[in-house]
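Data first, discussion second: the structure below is written as structure tokens.
Hydrogens, waters and symmetry mates play no part in the numbers below; they use all other heavy atoms, side chains included. A quick note: this is a predicted structure, and the numbers were derived from the prediction, not measured. Residue numbers begin at 1 in each chain, while the letters A, B, ... track the order of the sequences.
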Protein chains: 2
Amino acid sequence: MTKARVTVIDIAKAAGVSKSTVSLVLQGSSLVNEATRAKVNAVMRELGYVYNRGAANLRQAGAKSRIVGVVVNDLTNSFFAELAVGVDMVVQSAGFVQFLSNTGESIDRQREVVASMREHGISGLIVSPARATDAADFKPLVAAGIPVVVVVRNLPGAKVSSIVSDNRAGMMSAVKHLVGLGHKRIAFLGGFPDTAVFDDRLAGYRSGVETAGLDYHEELVIASAPSRAGGVEAIGKAIALTRRPTAAVCFNDAVAFGVCDGLRARRLEPGADFAVVGFDDVIEAQAAVPALTTVSVDPQGIGRRGAQMLLKQINAGKAEAETVTTAVRLVVRESCGAGKTAPARIGKSVKSKQDAE
Amino acid sequence: MTKARVTVIDIAKAAGVSKSTVSLVLQGSSLVNEATRAKVNAVMRELGYVYNRGAANLRQAGAKSRIVGVVVNDLTNSFFAELAVGVDMVVQSAGFVQFLSNTGESIDRQREVVASMREHGISGLIVSPARATDAADFKPLVAAGIPVVVVVRNLPGAKVSSIVSDNRAGMMSAVKHLVGLGHKRIAFLGGFPDTAVFDDRLAGYRSGVETAGLDYHEELVIASAPSRAGGVEAIGKAIALTRRPTAAVCFNDAVAFGVCDGLRARRLEPGADFAVVGFDDVIEAQAAVPALTTVSVDPQGIGRRGAQMLLKQINAGKAEAETVTTAVRLVVRESCGAGKTAPARIGKSVKSKQDAE
DNA sequence: TTAAATATTTGGAACGTTCCAATTCTGTCA
DNA sequence: TGACAGAATTGGAACGTTCCAAATATTTAA
């Protein structure tokens, strides 16, 4: 096959009009006669024309590329995968496409992918920054007039829009719930202490404890990697305390699962013998045994919301940074020992994900 | 500040050379004098130049866009998220970027995103097709000389490269393992019967059963949605059989988890009272209680491998379709009732070529 | 010192689109 | 019929790069 690309000029020739007219048709302009439009469209279909956005983009100086960059720090974590899906939904239905990259918490990689995205002319960027990201890293972007929305982790000092969940309020309500169940010694387990999210959640824990009239004890705050393994480690330390806690709020669900593992390894049943509350409400939380009581943050919603925010700024031409914190909701299930004593809801499916291959 | 975009011409002017020279520097050509190169680079940094790949791409007629499209059917499923991460790794380190989109099993959406990617000039596509994808859907792409690699689900009839895991061998070894533990009635649970993957796995089950000298009974094959809920449903039917099985191989891990739930609801302990084997080895498999014996397929590895294949084809200019099935490995944990045994490696990587077109 | 060889540099002419200003059609109204 | 307003259409000239052929600078060999 002679594979020369079909261009707008070929179409024009074949349809007996000028390239300008074809271009007008492409843009859905109302200036062109209905008959001509139909004809042109027919020819396009016939010749198998595919629009060259690169060329168009070149002419339309700047912000019209219809590409948004999405950068996440860990796609392997279903929280962020959900987030990406949320972004994709709105971005896609707005006729944009998403450039998605995973940094795996590497700021070098992050720098690379952002640079690359820029070269490709993204018209906006949504980023869940890698740990220890320098706020100045996004300076050039905003200087170039490219809207940036930071999600999940905020970047103090950066002049960009951001959308984070209400970590403080979430932790407070978790603590309050446990206090309501009669717990007096509640631990805070997991998470890296050098992150803004950790600070927020810890602050929520602290004020939850204090507004309940309990004392805040440093020994009850046990940091660890925000992972399942970290949870196992943290609960180990917690149980070794001379005055051991009877409940824990965890930095996130992964930690909470690890805590459950660690409890069981010591013949303690999560929920019955020790109350556990997570944070995030990842998909597995409701299907786990026992089902995890956790603070639901709806990552997909954040993704959608962030995308909307970004699109708004893109369309507005110029972006003013706005910050929104999204509400958060405690979902009471079994791992805190409250409510349902019914062991498992079998048969009726818990919003099962179709894992299909 | 945010004036006009800095172009290669600005650089040229500022550095006192011609735009051609700057272009040469950009491409790392060895033709340019070391001193000049340094100077040009300095000026670029100083003026904050950003390369315009769109423009470059326009000139370099066709395949040099350095974008690969990645389309998955369900990013929410960690199996596919892992896959995407694998792709991203190799794609990124080869200096490409990935366009990632999620179809959520919708073939319309799939068509849209593929079209969009094409307009953006991807130089290759990796796709895990939505269910019921028509093999002809990718015809135009390959006709245009854009390499396509299909992963996870194969697309019989499409003249594209593909890489799938060795479903047959995996199931066979699962069955063999159960037989070795003394089981005589082994069920096959879960999965939609109208998919190629189901066929392969069922075939593996059947030949596993038969090579063990047992009879193949249709009643022991119980299809269901490939989800946790589906697993609950399937095990329910299995247990209702007059001659009830003592073990089951499951279509995938989600089904296996459901089966465990269902067993427990009937006061049967998975592992002890009934052996369960999954397929996929999702992340949760090893942390579950009991830890799931399953066939490990390493989605990230598939992603990496698929990306390598694609890049090879992109670089080769013209692509001949090749099909590889990746080896798969039974991971023995607790849910089958066996002790810890050294994992057996099964299946071998097979490679076969056929001419594209 | 000069010719030949080698190392560098350089103006256009593309690439496929959009935009602008200008042109050609229609029909309508005196 | 002529003039005039809209409605449709149309040729360039961009956009920011790369490529080519050709020009210029620098060495080397004789």
Under 4.0 Å, heavy atoms only, any strand: does B:T7 hit a base, just the sugar-phosphate, or nothing?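 Sugar-phosphate, no base atom in range.
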
Please work out if A:T21 contacts a base, only the sugar-phosphate, or nothing of the nucleic acid, heavy-atom cut-off 4.0 Å.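 Base, at least one base heavy atom under 4.0 Å.
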
hbond_proxy B:S20 side chain to C:dG11 base (donor-acceptor, 3.5 Å cutoff):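 Result: at least one qualifying N/O pair found.
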
So, is A:Q27 near the phosphate of C:dT17, with a side-chain N or O under 4.0 Å from OP1 or OP2?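 For C:dT17, neither OP1 nor OP2 has a side-chain N or O of A:Q27 closer than 4.0 Å.
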
To the nearest angstrom, how far is [X] atom [atom1] from [N] atom [atom2]?
| X | N | atom1 | atom2 | value |
| --- | --- | --- | --- | --- |
| B:Y49 | D:dG16 | OH | P | 10 Å |
| B:H120 | C:dG16 | NE2 | P | 18 Å |
| B:L26 | D:dT17 | CG | P | 7 Å |
| A:L58 | C:dT17 | CG | P | 12 Å |
| A:L31 | C:dA21 | CG | P | 14 Å |
| A:L24 | D:dT10 | CG | C1' | 10 Å |
| A:K13 | D:dT10 | NZ | C1' | 15 Å |

From the set [options], return the single nucleotide nearest to any side-chain atom of [X].
| X | options | result |
| --- | --- | --- |
| B:K19 | C:dA14, C:dG11, D:dT10 | C:dG11 |
| A:R59 | C:dT9, D:dA14, D:dG11 | D:dA14 |
| B:V32 | C:dT9, C:dG12, C:dC19 | C:dT9 |
| B:Q60 | D:dT18, D:dT17, C:dT17 | D:dT18 |
| A:Y51 | C:dT18, D:dT10, D:dT17 | C:dT18 |

For A:N315 and A:L311, indicate whether the former's side chain and the latter's backbone hold a donor-acceptor pair under 3.5 Å.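 Such a contact is found between A:N315 side chain and A:L311 backbone.
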
Going by an N to O cut-off under 4.0 Å, is there a salt bridge joining B:R153 and B:E105?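 Result for this pair is yes, salt bridge flagged.
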
